[in-house]
Amino acid sequence: MALPVVLDVDTGVDDACALLLAAQHPALDLRAVTCVGGNAPLEVVVTNTLTVLDVVGRQDVPVAAGAALPLLEDPVDARHVHGRDGMGDLDWPRSTREPDPRHAVELLRDVLLAAAVTGDPADRVTLVPLAPLTNVALLLRTYPQVAAGLREVVFMGGAAAEGNATASAEFNVFHDPEAAAIVLDACADLGIAVTMYGLDVFYEPRVSRASVQPLLDAAAGDGADLAARLIAFQCDRFGADSATIGDAGAVCAVIEPAGVTRATLPVRVELAGTWSRGRTIVDRRDWSGGLTHDPHGRARSEIDVCLEVDARRYATLWFDTVTGGLG
Ligand code: BDR
Ligand code: CA
């Protein structure tokens, strides 16, 4: 049986890569996609998301708009990275489909409660946030009973070692630090397992421009063509001969968990800090030695942090799936 998943996205070039994978891989049952403002403003994110799903014939997947703004911060989009339209300025025909009328939080609630009532553990959903965690924070604070329908949360965000939005903080957490802190605390309180697929592994699975060139030449207007053009956009943008699959790596970690090396570690989100707001503080100390002198104590959120990735394995998984090499 395919694994039920829901993606929460801010599409986003690499969110588009993730959607192409989640919508087409036979091991996944993509039950919904929810949208949040992040890489681009919310209405752009929704259109981009519908466009990607339309290209691969997944109009059956409900897509809902959620939070346009972070809980506290002013929004700062990343169109300088993702293009003016948030998805590589490819001139791809835009979807004219309307999103689901429900708010993202309501769609998430409905999907997760439906999974809970069957009582069948196989129905429990893996939630994969690939964006600022605003929708997920609102969900868990408003409807904590959805925990019964969740298998785990595998999110792209944060890092043990490095930042990108700032020297210290990763974009998704930096964009809405309060939301990320709420999600970590709520998951700890509700007993929801969490995996952090952060910047320590995010950039490593890469696809070369040469490998997508035949698809660019064919210009078939299908999902493989879109995938190739997303890779080519990033290569051009960064003057490189390969591009990361980015958020799609977190979906790979759901499909093939053995492709990442994890450690279960205490994690907090820095909510103050002059230079470090939005940083995930990953505690890699050995607590067995007794760290009672630490005035902060041990973080109550202990999550699986991805520290290494089999980059070739995930790049191949993505490439084979989105170019039709699977199934
Ligand atoms: C994250 O921020 C966005 O730019 C990407 O879509 C990814 O989710 C990386 O920091
Ligand atoms: Ca994203």
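No experiment lies behind these values; they were computed from the predicted model shown. Just follow the structure's listing: the first ligand is 1, and inside any ligand the first atom is 1.
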Exam field: side chain R209 to backbone Q234, donor-acceptor pair closer than 3.5 Å: no

Region of V81 that comes within reach of ligand 1 [heavy atoms, distance under 4.0 Å]: neither

Apex the Ca ion (ligand 2); atoms L130 O and D247 OD2; angle rounded to 10 degrees: 90°

Angle subtended at the Ca ion (ligand 2) by D10 OD1 and D15 OD2, rounded to 10 degrees: 70°

Presence of salt bridge, D283 and R268, under 4.0 angstrom: no

Enumerated ligand 1 atoms positioned under 4.0 Å from heavy atoms of N164: 9 (C), 10 (O)

Over 12 foreign heavy atoms within 6.0 Å of CZ, R84: no

H82: numbered ligand 1 atoms lying under 4.0 Å from its heavy atoms: 3 (C), 4 (O), 6 (O)

Closest approach of any protein heavy atom to atom 6 (O) of ligand 1, naming residue and atom: D14 OD1, 2.7 Å

CD/Q145: more than 12 non-hydrogen atoms of other groups inside 6.0 Å: yes

Test of proximity, L130 against ligand 1: N or O pairs below 3.5 Å: yes

E204 and R312 ion-paired at < 4.0 Å: no

Side chain T47, main chain E43, donor-acceptor under 3.5 Å: yes

Residue, atom name and distance, where the atom is the protein heavy atom closest to atom 7 (C) of ligand 1: D247 OD1, 3.1 Å

Which residue and heavy atom of the protein sit nearest atom 3 (C) of ligand 1, plus the separation: N39 OD1, 3.1 Å

Atoms of ligand 1, numbered as shown, that sit under 4.0 Å from any heavy atom of E170: 1 (C), 2 (O), 9 (C), 10 (O)

Sidechain-backbone polar pair: T126 side chain, V154 backbone, donor-acceptor under 3.5 Å: no

